[in-house]
Amino acid sequence: MDPISNKAEQLRDKIAQAERELQDLRRQLAELESSTRDANTEQGFDSVADPNQSAGTPLDWKWPLKEEEYSRYGRQLILPTVGIKGQLNLKSSAVLIVGAGGLGCPAAAYLAGAGVGTLGVVDGDTVEISNLHRQIAHSTSRVGMTKVDSLVEYCHGLNPEVTYIPHREHLTPQNAESIVSKYDLVLDCTDHPTSRYLISDICVLLRKTLVSASALRTDGQLIVLNNPPAAQGATDGGPCYRCVFPKPPPADSVVSCGEGGILGPIVGVMGVLQALEAIKLIAAGIGKEASSISKEPANPSLLLFSATSATPFRSIRMRSRRPNCFACSSDSALTLKELKSGSLDYVQFCGVTSPVNVLKPEERITVTEYNDILAKQPDKKHLLLDVREREHFNIGSIPGAINVPFSSLQSRNKSTTNNDSSRPEYIPESLPADAPIYVVCRVGNDSQLVTQRLKEMGLDRDGARFVGDIKGGMLAWKHEVDKTMPFT
Ligand SMILES: [Zn+2]
């Protein structure tokens, strides 16, 4: 027999064995149920409500899980990675999900389904219709409800055996200790660097393992941090988020899902992987003081997922704790007191993206002014540049606008000069030299930067031509001029 058939044969044997064991468990259970029912009937009373036992579970139940739980979790109970011990570990565990969005919904659903004892959810947002294509636990009828309540309602429907703890607020340096300290394991399901550093720091300080994931557009990443969750300075502890990413990405490079877009299944994949890592960790005994898990070398892997790549999953082995890490090294000055005091400004650390304000008032026009120009002088030559990305532009645009995506402008060589021979190709040759150029973007930030740039290139011909932007961008256009304009 070749090695593959041999392996398959072994697996079939194992499955048959597991099925026999399950059958035997069911038989024992059925026998026990019928004998207890008989005994109760003879004694003339029905089962008495016991807060620790579900209705119908007999009083003299001698098995570690409740009667219903053997049916509910049967399919995972028979797996060697879970088993009865792993299931009991799940049942006695408390897991915190930070962020009830695209990652948090699938992660919470699978953890609730798997039977964790306590599931906490932190989020301060409410459900919006634009969430629904990816945040699968929410629903159209729950738009406007807090995300926490919506997710708890969904999970409760899935598994009422779990204790759910709603935290209807965002995690802050002030509330982080009191919330996180109640749990054994934390899942970072948020979508901004600011919260990632805060969650990592509180997990280091409270010695909690952290399953961190992120997703944008068609890519995602996943890493298990602080595993094992040793004390600050201990070399056998796993690295924290700051060990892996000591510096946050530049603030202006951080793109939100609103701006950059996200494909639903991408966050779905990453959230499901978070739940999987969490179940593996808990079933193996994380969070238990007398943990029997062997101390793995503290080198986690960073899993990268790219849906458009020929090899969608790649894994990069990371180094262990950084000797000079701000949070988890021996010379770290990070303390709970300092964190709570607010002296660590996470927003500042991650950089502030304040609204762009680089143009003078006379260099800007309002959407209604531009609409008047269109209405009153339909023949007057001018150029409207729409600098949103092509996908945004294709969904809806002002008639006559020319699309020159901001990203393509940024990547152009800055050395373009002001003589006519270097006229950018997006300026039509037929455009009269004094015809105004207006720039519009999504909300009125990029348009200012582009206007400034066009002037630097000399396109305003030393003031002979008006070059300016449209305040508030296409969002203002939708609100004030054309309510039918689709805005994304
Ligand atoms: Zn660290």
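Since this is a predicted model, take the numbers as computed values, not measurements. When a residue number appears, it is its place in the shown sequence, counting from 1. Order of appearance sets the numbers: ligands from 1, and atoms from 1 within every ligand.
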Tyr110 and Leu273, any side-chain heavy atoms less than 4.5 Å apart: no
Can you run down the salt bridge (Lys or Arg N to Asp or Glu O under 4.0 Å) pairs that involve [range], sequence neighbours left out, and say none if there aren't any?
{"range": "residues 275-284", "answer": "Glu277-Lys280"}
{"range": "residues 196-205", "answer": "Asp188-Arg196, Asp201-Arg242"}
{"range": "residues 141-159", "answer": "Arg142-Glu153, Asp149-Arg168"}

Exam field: side chain Gln232 to backbone Ala327, donor-acceptor pair closer than 3.5 Å: yes
Are the side chain of Glu363 and the backbone of Lys360 linked by a donor-acceptor contact shorter than 3.5 Å? yes
Have a look around the Zn ion (ligand 1) and list protein N/O/S atoms under 2.8 Å, or say none. Cys240 SG, Cys243 SG, Cys325 SG, Cys328 SG
